[in-house]
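Below you'll find the structure, written out as structure tokens, and then a few comments.
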Amino acid sequence: MRFIDSHCHLDFPELSSDLARYITNANAVGVCGFVIPGVSLAQSQKLLTFKQEHAGCYIAVGLHPYFITQHQSHHFDALAQYAHEHQGDLVAIGECGIDATCEQLTYQQSLFQQHIQLANALKLPLIIHHRQSHHYIAQAFKQTPPLYGGVIHAFSGSLQQANYYIAKGFKLGVGGTISYERANKTKAVFATVALQHLLLETDSPSMPLFGHQGQINLPERVVDVFKYLCQLRHETPSDIAQQLYDSSCTLFRI
Ligand SMILES: [Zn+2]
């Protein structure tokens with residue numbers, strides 16, 4: 001079985017000391033592709049080199065709402081210019097979105113609009129971060145409908161919210177959240193929606209799985225996320241693995 005970790009921050013400093021080993025270990029359990037989102041202007045601009053140095057890496061550029069206070073007013077224009085110049089090297093625009101637990105909500109909203117416009121202009125999907133913000137994201141979609149779909153990273157929410165995103169052409173990112181007992185609502189969604197709407201991800205080095213709390217998360221654990229998902233689904237594991245792999249390839253044109 002082959003897997004793609006559709007959302008991991010392999011370039012983050014937490015992973016740098018042993019990165020080659022983490023990638024080798026992931027490859028050894030069948031994880032052959034890694035989608036690495038951009039989070040800031042400077043970091044996005046370094047991802048091209050990162051991709052050239054590490055096999056199986058696919059990259060996106062974006063300004064993450066979590067770092068909203070660090071994004072200066074000229075950063076988005078510079079990011080957009082960079083994205084136009086390197087369009088062929090990008091598989092998505094993001095990580096962008098709205099995090100209602102972070103500051104400067106109005107600025108987050110306008111930045112998110114700009115990311116949607118950029119993705120539309122470049123005919124790319126979006127990698128969307130959400131946190132207590134489904135209604136803000138729906139508002140943004142109403143103003144600027146995304147044309148090339150994308151993924152709702154680390155989806156958590158109701159079936160109604162899931163169906164809304166699916167209707168807009170989005171996949172739902174399935175991550176380590178489902179390893180926890182408390183995630184019943186989200187697990188019920190992943191058990192219910194058609195398999196073709198799901199993608200596997202770890203968000204490494206963040207979001208450790210149950211049993212690994214307090215440790216850095218690793219891309220090899222996308223296989224553990226897969227095993228938890230298999231417990232929720234009626235399809236065979238090999239069919240699930242194949243569909244999830246194909247969905248990542250289709251969405252990101254890998
Ligand atoms: Zn992320």
Side-chain angles (χ1 to χ4, degrees), residues 4-11 32-41 43-52 56-65 71 74-98 108-130 133-134 136-155 162-173 194 196-201 243-254:
I4 290 174
D5 187 348
S6 71
H7 191 118
C8 52
H9 299 279
L10 293 191
D11 62 316
C32 55
F34 311 90
V35 178
I36 306 172
V39 299
S40 71
L41 175 62
Q43 174 268 356
S44 289
Q45 290 175 332
K46 286 182 195 153
L47 283 179
L48 198 56
T49 311
F50 188 91
K51 170 182 126 96
Q52 285 155 358
C57 289
Y58 304 91
I59 60 169
V61 297
L63 305 181
H64 196 304
H71 305 319
H74 67 281
H75 283 188
F76 185 82
D77 287 346
L79 187 91
Q81 195 192 334
Y82 185 83
H84 276 97
E85 286 164 8
H86 300 283
Q87 185 175 4
D89 289 300
L90 305 179
V91 299
I93 295 300
E95 172 165 7
C96 56
I98 296 178
Q108 287 191 44
Q109 287 174 298
S110 81
L111 263 186
F112 183 40
Q113 290 284 337
Q114 290 179 286
H115 280 84
I116 301 173
Q117 287 159 10
L118 178 62
N120 286 349
L122 296 177
K123 302 187 163 79
L124 287 171
L126 287 152
I127 298 172
I128 296 182
H129 171 97
H130 72 88
S133 58
H134 289 304
Y136 294 117
I137 288 168
Q139 244 172 41
F141 281 10
K142 211 170 180 180
Q143 273 184 279
T144 312
L147 303 177
Y148 300 94
V151 56
I152 307 300
H153 156 56
F155 175 81
N163 284 331
Y164 168 80
Y165 290 122
I166 289 169
K168 299 283 173 198
F170 281 77
K171 311 265 183 216
L172 311 176
Q196 76 215 53
H197 304 307
L198 304 178
L199 291 187
L200 289 176
E201 58 172 50
Q243 175 66 62
L244 294 166
Y245 181 84
D246 291 346
S247 292
S248 286
C249 293
T250 307
L251 179 67
F252 297 118
R253 294 177 216 140
I254 290 173

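Since this is a predicted model, take the numbers as computed values, not measurements.
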Between Gln109 (side chain only) and Ala140 (backbone N and O only), is there a donor and an acceptor less than 3.5 Å apart?
no
Do side-chain atoms of Thr144 reach the backbone of Ile116 as a donor and acceptor pair under 3.5 angstrom?
no
Side-chain donor-acceptor contact under 3.5 Å, Glu85 with Gln81
yes
By salt bridge (Lys or Arg N to Asp or Glu O under 4.0 Å) - contacts of Asp89 (at least two apart):
Lys51
Give a yes or no on whether the backbone of Gln196 and the side-chain of Lys171 come within a donor-acceptor separation of less than 3.5 Å.
yes
Under 6.0 Å between the ring centres of His134 and Tyr165?
yes
Pro37 meets the side-chain contact (heavy atoms from CB on, under 4.5 Å) criterion, sequence neighbours left out, with His7, His9, Glu95, Ile127
Pair Arg253-Leu124, side-chain contact (heavy atoms from CB on, under 4.5 Å): steps then yes or no:
CA-CA 9 Å; Arg253 294 177 216 140; Leu124 287 171; 4.3 Å; yes
Any sub-3.5 Å donor-acceptor pair from His71's side-chain atoms to His64's backbone N or O?
yes
Which heavy atom of Tyr82 sits nearest to which heavy atom of Ser44, and what is that distance?
CE2-O, 4.0 Å
Which heavy atom in Phe252 sits nearest to a heavy atom in Ala92, and how many Å separate them?
CE2-CB, 3.9 Å
Check the pair Ser247 / Gln243 against side-chain hydrogen bond (donor to acceptor under 3.5 Å, both in side chains), numbers first and verdict last.
CA-CA 6 Å; Ser247 292; Gln243 175 66 62; 3.0 Å; yes
Which atom pair, heavy atoms only, marks the closest approach of His129 to Pro65?
CD2-CG, 3.8 Å
With side-chain contact (heavy atoms from CB on, under 4.5 Å) as the test, would you mind laying out the steps for Ile137 and Tyr164 before giving the verdict?
CA-CA 11 Å; Ile137 288 168; Tyr164 168 80; 5.7 Å; no
Hey, mind stepping through Leu90 and Ile59 against side-chain contact (heavy atoms from CB on, under 4.5 Å) and telling me if it holds?
CA-CA 5 Å; Leu90 305 179; Ile59 60 169; 4.2 Å; yes
For a side-chain contact (heavy atoms from CB on, under 4.5 Å) check, start with the C-alpha distance between Phe76 and Leu118, then their side-chain angles and the critical distance, and finish with the verdict.
CA-CA 10 Å; Phe76 185 82; Leu118 178 62; 4.0 Å; yes
Ring-plane angle category for His130 and Phe155, please: parallel below 30°, perpendicular beyond 60°, tilted otherwise.
tilted
Within the distance-only criterion (no hydrogens, no angle test), does the side chain of Asn120 pair as donor or acceptor with the backbone N or O of Pro145 below 3.5 angstrom?
yes
